[in-house]
Amino acid sequence: MAGCRGSLCCCCRWCCCCGERETRTPEELTILGETQEEEDEILPRKDYESLDYDRCINDPYLEVLETMDNKKGRRYEAVKWMMVFAIGVCTGLVGLFVDFFVRLFTQLKFGVVQTSVEECSQKGCLALSLLELLGFNLTFVFLGSLLVLIEPVAAGSGIPEIKCYLNGVKVPGIVRLRTLVCKVFGVLFSVAGGLFVGKEGPMIHSGAVVGAGLPQFQSISFRKIQFNFPYFRSDRDKRDFVSAGAAAGVAAAFGAPIGGTLFSLEEGSSFWNQGLTWKVLFCSMSATFTLNFFRSGIQFGSWGSFQLPGLLNFGEFKCSDSDKKCHLWTAVDLGFFVLMGVIGGLLGATFNCLNKRLAKYRMRNVHPKPKLVRVLESLLVSLVTTVVVFVASMVLGECRQMSSQIGNDSLLLQVTSEDVNSSIKTFFCPNETYNDMATLFFNPQESAILQLFHQDGTFSPITLALFFILYFLLACWTYGISVPSGLFVPSLLCGAAFGRLVANVLKSYIGLGHVYSGTFALIGAAAFLGGVVRMTISLTVILIESTNEITYGLPIMITLMVAKWTGDFFNKGIYDIHVGLRGVPLLEWETEAEMDRLRASDIMEPNLTYVYPHTRIQSLVSILRTTVHHAFPVVTENRGNEKEFMKGNQLISNNIKFKKSSILTRAGEQRRRSQSMKSYPSSELRNVCDEHVTSEEPAEKEDLLQQMLERRYTPYPNLYPDQSPSEDWTMEERFRPLTFHGLILRSKLVTLLVRGVCYSESQSSASQPRLSYAEMAEDYPRYPDIHDLDLTLLNPRMIVDVTPYMNPSPFTVSPNSSVSQVFNLFRTMGLRHLPVVNAVGEIVGIITRHNLTYEFLQARLRQHYQTL
């Protein structure tokens, strides 16, 4: 028996009891046209398009370089610095807007409900107070869900999508202005609605949208917003600004500009340089101090004091002056921190496992149904959360004695807008006591975190354990519903309760009097958050900057590393899990060592759809309408050397033909290229392999290759522009040698057709109209679609010369290149297409992002083992 079904699978990678039907991977089953009865893993989807970070050095771009001097270069750089500063300021203002209205709505809600509770506790009408709280929360959550219906991409934290964008994947709609509006107002309502979500994660997404849209000076959603701004009309520039915007979002959320810069570097940006580092750090600083300036002025009335650096402030960790034995942490505590890191990793892996199952359930049972069902699910989560919070605050809390040490609290007043003691709830408790459960549940999440970090009074271990369990389950259920929601603050609060519980146990039951509860609460928060998101470098710096205490650097770093290692033993981080559930072809930092058994020829796509340097319009329209490829090799048929391709003059290695001698010279290649341009052969879609080739044994494939090489000297039939593609081509007709000259994007071909760039057969190519770089990039980023083209305006007999607009020098690899070399080149340079060219300049295949995903490489490696 192959194994148990998907419903019995363990969530962890190592202990999964799922078998494989006929020992094939899901990718292989997909290739063979088979499917599993219970699909356990979601394969990367083919419809995601990659960003093009590589510059296209074509004739229009060279014309721009010819006019570029030092003065224009400095002006261009100055404009980029101004844009980076504007992105930081705007991101800070977005954070200020969200924070102001969240505080306004939250104070209004808790003020009304708390007054009602105090009055009804004596009159016995607490049900009315619950209805009031339900009315506030359900209304806010309903509004947040409606905004997600307008723009579904606004749901969630947005960090997985931004991580994909920085990795080089173009996620549709992720950086549109409409997404920003729905995200900002949606997270405002979802946080004010009492859901266990945070506003810090969506701030990262909001900053990225600001970074993508502001330098464009136009909007697709609001078409009236459009200015003639000639700069930054490429994926390369846009992706740099998105990196800066995402870093600014982190900086605004946590008051951590250095952590924001490291976040943008660690969480996906594959291409990085020193200049970009400076710009991203400057953008993060701008966002931090913009938010700090306005928040300090609005809340304290002292403009320019800079007392509130971020949306989430941890306050100042400091022992009381009267307690001489108190230390923030000691060397003995490191052992407990490591143990807490292990437990945090286990808890994070459990959280991710449960949330992944919930996400899959939603994909199968909620998302296919009408959109109203998603709103109803959000309302159900809000209803249950509100009832649990209200009942737990009224019933499960204990009355604890207030601490007489107020010195530590007074220090916090300088950092936060409200004193810790002002958020203490005394529901049903006599004087000088407070309700510990209500203090945690019946407050904004940031106030509850400050309570666990800085409250000198004790929390009952039973209260902390119940709070942790309830919050853990509800936060896991909440993340993934159709509202904008962050995960940082819920994870920090859940972990802080866990750390405070450990501190209480060590103090009360083991007798360690030196333990500082705030430190253990902070380490617990770091352990749980690290176990959930699995970030290391950036999260360490973010937490250090948030605490403003460099002495916490070592324990935080050790705890995060241990939590990550423990969690990685079972499953991936929460963001990587949701990236996988969306089927995004994300590229990791590097490949596994065993992948070097494969070569570029093993993973490339041999089915080439190509165009000739001079092609008739009817052929271009046919190619563009019958394929979904985003780039096409520009080739000429190597007819002059056909008789040289004999078996005795070939080196056969990995099924790729190399000439032993007579390598084409540059002059000879140019001469042959100019000769072939005089004939205008048709370029149509030609399939390299039939469907039955995939299922043949390797020995039969070698026989086909042998036959192809033996008959390769046979002259090929002449193809004319009017000839339609034949389905009866022989193998040698399909494997004709094609000299590679460059690569041209689909968007450029469609632009040429829309603008009528062509010439007649009776004219020379010099008569073809020329487009400038600005004209080619005018429609960026929404180029026209070939299906919207009015064919009646085009003469199918006209010819298009694509050579001025192709990229004549893209990155290429040899068929014998190892997979690690191909992967590093593709990811580091931010490529979109990577042609595979043999030793004589013939293109034999092409590699895209989908050929480098973990699932695809695993399938090819398995096929390699079966062949051996």
Side-chain angles (χ1 to χ4, degrees), residues 44 48-58 61 80 83-84 160-172 174-175 208 211-212 215-216 231-247 261-280 283 579 584-591 600 603-605 629-631 633 742-748 777 780-781 783 806-813 817 819-836 846-854 856-857:
Y48 278 108
E49 182 182 353
S50 296
L51 296 169
D52 198 2
Y53 205 78
D54 186 26
R55 294 193 187 278
C56 179
I57 314 296
N58 53 15
Y61 184 77
K80 184 174 287 189
M83 284 293 101
V84 166
E161 291 81 2
I162 296 304
K163 182 176 180 179
C164 295
Y165 195 95
L166 297 179
N167 192 260
V169 183
K170 184 178 294 184
V171 182
I174 194 63
V175 290
Q216 302 297 315
Y231 299 99
F232 318 128
R233 313 293 292 171
S234 67
D235 285 347
R236 184 186 186 93
D237 294 324
K238 190 173 184 177
R239 192 167 158 200
D240 286 348
F241 287 126
V242 170
S243 300
T261 304
L262 293 176
F263 171 86
S264 188
L265 172 62
E266 180 183 3
E267 285 302 302
S269 292
S270 56
F271 186 86
W272 204 264
N273 55 38
Q274 183 182 11
L276 182 60
T277 305
W278 268 113
K279 292 182 181 67
V280 170
C283 184
V579 167
V584 180
L586 192 74
L587 299 184
E588 301 295 338
W589 282 103
E590 57 188 8
T591 60
I603 66 172
M604 70 182 185
E605 174 57 52
H629 305 308
H630 295 285
L743 208 63
I744 188 164
L745 298 178
R746 166 185 286 266
S747 58
K748 289 181 170 54
Y780 179 85
Y783 290 101
M806 72 180 184
N807 185 3
S809 55
F811 288 95
T812 60
V813 292
S817 301
V819 164
S820 62
Q821 291 175 311
V822 175
F823 187 92
N824 292 333
L825 175 63
F826 194 97
R827 193 188 192 284
T828 304
M829 301 311 299
L831 302 182
R832 189 176 180 183
H833 306 90
L834 186 58
V836 183
I846 196 166
I847 294 174
T848 64
R849 170 177 296 271
H850 301 281
N851 301 105
L852 295 172
T853 58
Y854 175 81
F856 187 90
L857 293 179

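The first residue in the sequence is number 1, and the count goes up from there.
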K.L.:
So which atom in Val175 and which in Ala208 form the shortest heavy-atom distance, rounded to 0.1 Å?
P.N.:
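Taking Val175 first and Ala208 second, the nearest heavy atoms are CG1-O, 4.4 Å.
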K.L.:
Taking all heavy atoms of His629 and all of Arg746, pick out the closest pair and write down the distance.
P.N.:
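Closest approach of His629 to Arg746: O-NE, 2.7 Å.
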K.L.:
Please find the pair of heavy atoms, one from Pro215 and one from Phe241, that lie closest to each other, and give the distance.
P.N.:
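Answer, listing the atom of Pro215 first, then Phe241: CG-CD1, 3.5 Å.
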K.L.:
What's the separation between atom NE2 in His833 and atom CZ in Phe826, rounded to the nearest 0.5 Å?
P.N.:
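So the NE2 of His833 and the CZ of Phe826 are separated by 7.5 Å.
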K.L.:
Is the backbone N or O of Ser820 less than 3.5 Å from a side-chain atom of Asn824, with the two atoms forming a donor-acceptor pair by type?
P.N.:
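It does hold such a pair.
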K.L.:
When you compare the side chain of Asn807 with that of Asp54, does any pair of heavy atoms fall below 4.5 Å?
P.N.:
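Sidechains of Asn807 and Asp54: in contact.
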K.L.:
What distance do Ser50 atom OG and Leu831 atom CG have between them, rounded to the nearest 0.5 Å?
P.N.:
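Atom-to-atom, Ser50:OG and Leu831:CG are 9.5 Å apart.
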K.L.:
May I ask you to decide if Ile603's main-chain N or O and Asn851's side chain share a donor-acceptor pair within less than 3.5 Å?
P.N.:
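Between the backbone of Ile603 and the side chain of Asn851 there is a qualifying donor-acceptor contact (under 3.5 Å).
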K.L.:
Between Glu605 and Thr848, does a side chain to side chain contact (heavy atoms under 4.5 Å, CB included) hold up when you go through it step by step?
P.N.:
CA-CA 8 Å; Glu605 174 57 52; Thr848 64; over 6 Å; no
K.L.:
Between Ser243 and Ser264 (side chain of the first, backbone of the second, donor and acceptor by atom type, cut-off under 3.5 Å), is there such a pair?
P.N.:
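Such a contact is absent between Ser243 side chain and Ser264 backbone.
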K.L.:
Please report the interatomic distance OG1(Thr853) to CD(Glu588), rounded to the nearest 0.5 Å.
P.N.:
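The CD atom of Glu588 is 10.5 Å from OG1 of Thr853, to the nearest 0.5 Å.
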K.L.:
To check you understand the geometry: which heavy-atom pair defines the closest contact between Thr812 and Leu825, and what is its length?
P.N.:
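Here Thr812 and Leu825 meet closest at O-CD2, 4.4 Å.
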K.L.:
Checking side chain to side chain contact (heavy atoms under 4.5 Å, CB included) for the pair Leu586/Lys163: CA distance, chi angles, key distance, verdict?
P.N.:
CA-CA 9 Å; Leu586 192 74; Lys163 182 176 180 179; 4.2 Å; yes
K.L.:
Is there a donor-acceptor pair closer than 3.5 Å between any side-chain N or O of Arg827 and the backbone N or O of Glu590?
P.N.:
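Looks like no, no N/O pair under 3.5 Å.
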K.L.:
Could you grab the distance from atom CG of Asp240 to atom CG of Leu166, nearest 0.5 Å is fine?
P.N.:
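Answer for the CG-CG pair, Asp240 versus Leu166, is 10.0 Å.
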K.L.:
Does Tyr53 have Arg239 sitting over its ring (NZ/CZ under 6.0 Å from centre, angle to axis within 45°)?
P.N.:
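Yes, cation above the ring, under 6.0 Å and within 45°.
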K.L.:
Please evaluate residues Lys238 and Leu51 with respect to the criterion side chain to side chain contact (heavy atoms under 4.5 Å, CB included), reporting the C-alpha separation (whole Å), side-chain torsions for both, the decisive distance (0.1 Å), and the verdict.
P.N.:
CA-CA 10 Å; Lys238 190 173 184 177; Leu51 296 169; over 6 Å; no
K.L.:
Working to the nearest 0.5 angstrom, can you tell me the gap between Thr277 OG1 and Leu265 CG?
P.N.:
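Here the rounded value is 7.0 Å.
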K.L.:
Identify, with sequence neighbours excluded, every residue that meets side-chain hydrogen bond (donor to acceptor under 3.5 Å, both in side chains) alongside Asp237.
P.N.:
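For Asp237 the side-chain hydrogen bond (donor to acceptor under 3.5 Å, both in side chains) partners, ignoring immediate neighbours, are Tyr76, Ser234.
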K.L.:
Heavy atoms only: give me the nearest Pro585-Val169 pair and the separation to one decimal.
P.N.:
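So the two residues come closest at O-CG2, 3.8 Å.
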K.L.:
If you compare all heavy atoms of Leu743 against all heavy atoms of Pro810, which two are closest, and at what distance to 0.1 Å?
P.N.:
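Minimum heavy-atom separation between Leu743 and Pro810: CB-CG, 4.3 Å.
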K.L.:
Determine, step by step, whether Leu834 and Leu852 satisfy the side chain to side chain contact (heavy atoms under 4.5 Å, CB included) criterion, reporting the C-alpha distance in whole Å, the side-chain angles of both residues, the deciding distance to 0.1 Å, and the verdict.
P.N.:
CA-CA 11 Å; Leu834 186 58; Leu852 295 172; 6.0 Å; no
K.L.:
Drop me the distance from Thr261's OG1 to Lys279's NZ, to the nearest 0.5 angstrom.
P.N.:
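These two atoms lie 13.0 Å from each other.
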K.L.:
Any sub-3.5 Å donor-acceptor pair from His850's side-chain atoms to Tyr48's backbone N or O?
P.N.:
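Yes.
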